[in-house]
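Below is one structure, written out as structure tokens; the observations come after it.
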Amino acid sequence: MVTKTDMSEADLDARHAEKMRKKKAARDKIMATKTIEKGLLIVHTGKGKGKSTAGFGMIFRSLGHGHKVAVVQFVKGRLETGERMALDRFSDLVTIKRMGEGFTWETQDRQRDISAARAAWDAAKELISSREHKMVLLDELNIVLRYEYIPLEEVVAYLRDEKPEDVHVVITGRNAKDELIEIADLVTEMGQVKHPFRSGVKPQEGIEF
């Protein structure tokens with residue numbers, strides 16, 4: 001049996017090239033069957049850090065292609081974030097609506113939270129339905145659905161039946177509802193392995209906001 005230690009660098013290079021050639025042929029064959037182009041419903045959820053970060057990453061990627069995009073922040077409206085400050089530089093392509101008034105444990109006023117969530121959802125529907133934006137990020141929508149500030153069935157019905165076919169919608173937040181996951185095209189669950197918060201490290205610029 002010939003092992004890698006018995007082979008020359010040239011032999012290893014040739015074996016690698018052949019392996020990659022076969023992989024590319026298989027990949028090209030698979031890609032040839034992928035012909036659908038549509039606006040996706042994307043959900044980032046889970047206990048791990050990075051849900052909003054991933055959503056904003058998609059926003060910046062879309063911006064890189066010259067697309068118009070929109071962001072509705074359902075919870076973090078009071079916090080001045082790095083994403084917001086960066087997006088302000090693309091005011092010709094970006095619409096941002098900071099509708100939240102902070103996390104619910106900060107406001108401690110359920111009716112106020114419900115009112116803010118309703119206003120944010122109405123703004124989100126208007127942005128999505130206008131078809132003026134290629135992608136709309138609904139940051140922390142899952143949080144307001146978890147606390148039942150907006151009826152889940154209303155949100156699911158709109159996204160399933162009324163969302164334009166050519167608009168991408170990205171939703172973030174922990175505890176995504178099963179009904180939302182069911183109608184989504186792409187769902188990613190962020191897992192937490194380690195977090196500096198547990199070691200006494202406070203939220204820092206460029207990391208959490």
Side-chain angles (χ1 to χ4, degrees), residues 40-64 69-91 94-121 123-124 135-150 152 155-156 159 168-209:
L40 301 177
L41 178 58
I42 300 166
V43 176
H44 296 307
T45 191
K47 295 182 178 180
K49 173 176 165 47
K51 297 175 287 294
S52 292
T53 306
F56 277 102
M58 287 187 164
I59 286 291
F60 280 107
R61 178 175 288 169
S62 194
L63 272 176
V69 297
V71 177
V72 180
Q73 293 185 293
F74 279 78
V75 175
K76 299 174 182 174
R78 286 184 172 180
L79 184 64
E80 193 62 56
T81 64
E83 299 98 332
R84 169 62 187 255
M85 289 183 281
L87 288 173
D88 281 344
R89 302 179 184 182
F90 302 90
S91 57
V94 182
T95 299
I96 303 178
K97 293 188 178 294
R98 297 195 295 179
M99 309 295 289
E101 298 192 44
F103 290 98
T104 186
W105 53 84
E106 293 174 342
T107 64
Q108 301 174 21
D109 186 332
R110 180 173 174 272
Q111 290 304 318
R112 182 173 165 184
D113 288 340
I114 290 173
S115 178
R118 168 54 61 185
W121 175 238
M135 179 179 291
V136 180
L137 169 61
L138 308 182
D139 191 33
E140 304 288 8
L141 173 60
N142 287 335
I143 301 299
V144 302
L145 292 177
R146 176 187 179 187
Y147 287 106
E148 300 182 346
Y149 294 160
I150 307 171
L152 173 63
V155 174
V156 169
L159 294 172
H168 301 301
V169 175
V170 184
I171 297 171
T172 69
R174 290 188 178 201
N175 304 112
K177 295 292 187 178
D178 290 340
E179 294 87 343
L180 187 61
I181 291 173
E182 178 65 27
I183 66 170
D185 299 288
L186 171 61
V187 179
T188 300
E189 184 171 9
M190 309 291 188
Q192 180 171 293
V193 179
K194 294 180 72 175
H195 198 296
F197 188 77
R198 293 181 177 273
S199 301
V201 180
K202 70 178 183 179
Q204 301 178 82
E205 288 184 4
I207 304 298
E208 275 79 25
F209 58 92

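Numbers here are sequence positions counted from 1.
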Practice task
Check whether more than 12 heavy atoms from other residues, nucleotides or ligands sit under 6.0 Å from atom CD of Gln192, and answer yes or no.
Solution key: yes
Practice task
Answer yes or no: does atom CZ of Arg61 have more than 12 heavy-atom neighbours from other residues, nucleotides or ligands under 6.0 Å?
Solution key: no
Measuring from [X]:[atom1] to [Y]:[atom2], what's the distance to the nearest 0.5 Å?
{"X": "Thr95", "Y": "Leu87", "atom1": "OG1", "atom2": "CG", "answer": "10.5 Å"}
{"X": "Ile171", "Y": "Asp139", "atom1": "CD1", "atom2": "CG", "answer": "11.0 Å"}
{"X": "Ile96", "Y": "Glu83", "atom1": "CD1", "atom2": "CD", "answer": "9.5 Å"}
{"X": "Arg84", "Y": "Phe56", "atom1": "CZ", "atom2": "CZ", "answer": "9.5 Å"}
{"X": "Met190", "Y": "Thr53", "atom1": "CE", "atom2": "OG1", "answer": "8.0 Å"}
{"X": "Glu189", "Y": "His44", "atom1": "CD", "atom2": "NE2", "answer": "13.0 Å"}

Of the non-hydrogen atoms in [X] and [Y], which two are nearest, and what is the gap between them?
{"X": "Gly46", "Y": "Lys51", "answer": "O-NZ, 2.9 Å"}
{"X": "Ile150", "Y": "Ala117", "answer": "CD1-O, 3.4 Å"}
{"X": "Ala184", "Y": "Val43", "answer": "CB-CG2, 3.8 Å"}
{"X": "Leu40", "Y": "His168", "answer": "N-ND1, 2.9 Å"}
{"X": "Leu138", "Y": "Ala124", "answer": "CD2-CB, 3.5 Å"}
{"X": "Val170", "Y": "Gly55", "answer": "CG1-CA, 4.1 Å"}

Practice task
Show the numbers, then the answer: is there a side-chain contact (heavy atoms from CB on, under 4.5 Å) between Asn175 and Asn142?
Solution key: CA-CA 7 Å; Asn175 304 112; Asn142 287 335; 6.0 Å; no
Practice task
Using a 4.5 Å cut-off on heavy atoms from C-beta on, say whether the side chain of Leu63 contacts that of Val94.
Solution key: yes
Practice task
Measure from the side-chain N and O atoms of Ser62 to the backbone N and O of Met135, and report whether any donor-acceptor pair falls under 3.5 Å.
Solution key: no
Practice task
Take the angle between the ring planes of Trp121 and Phe74 and call it parallel below 30°, perpendicular above 60°, tilted in between.
Solution key: tilted
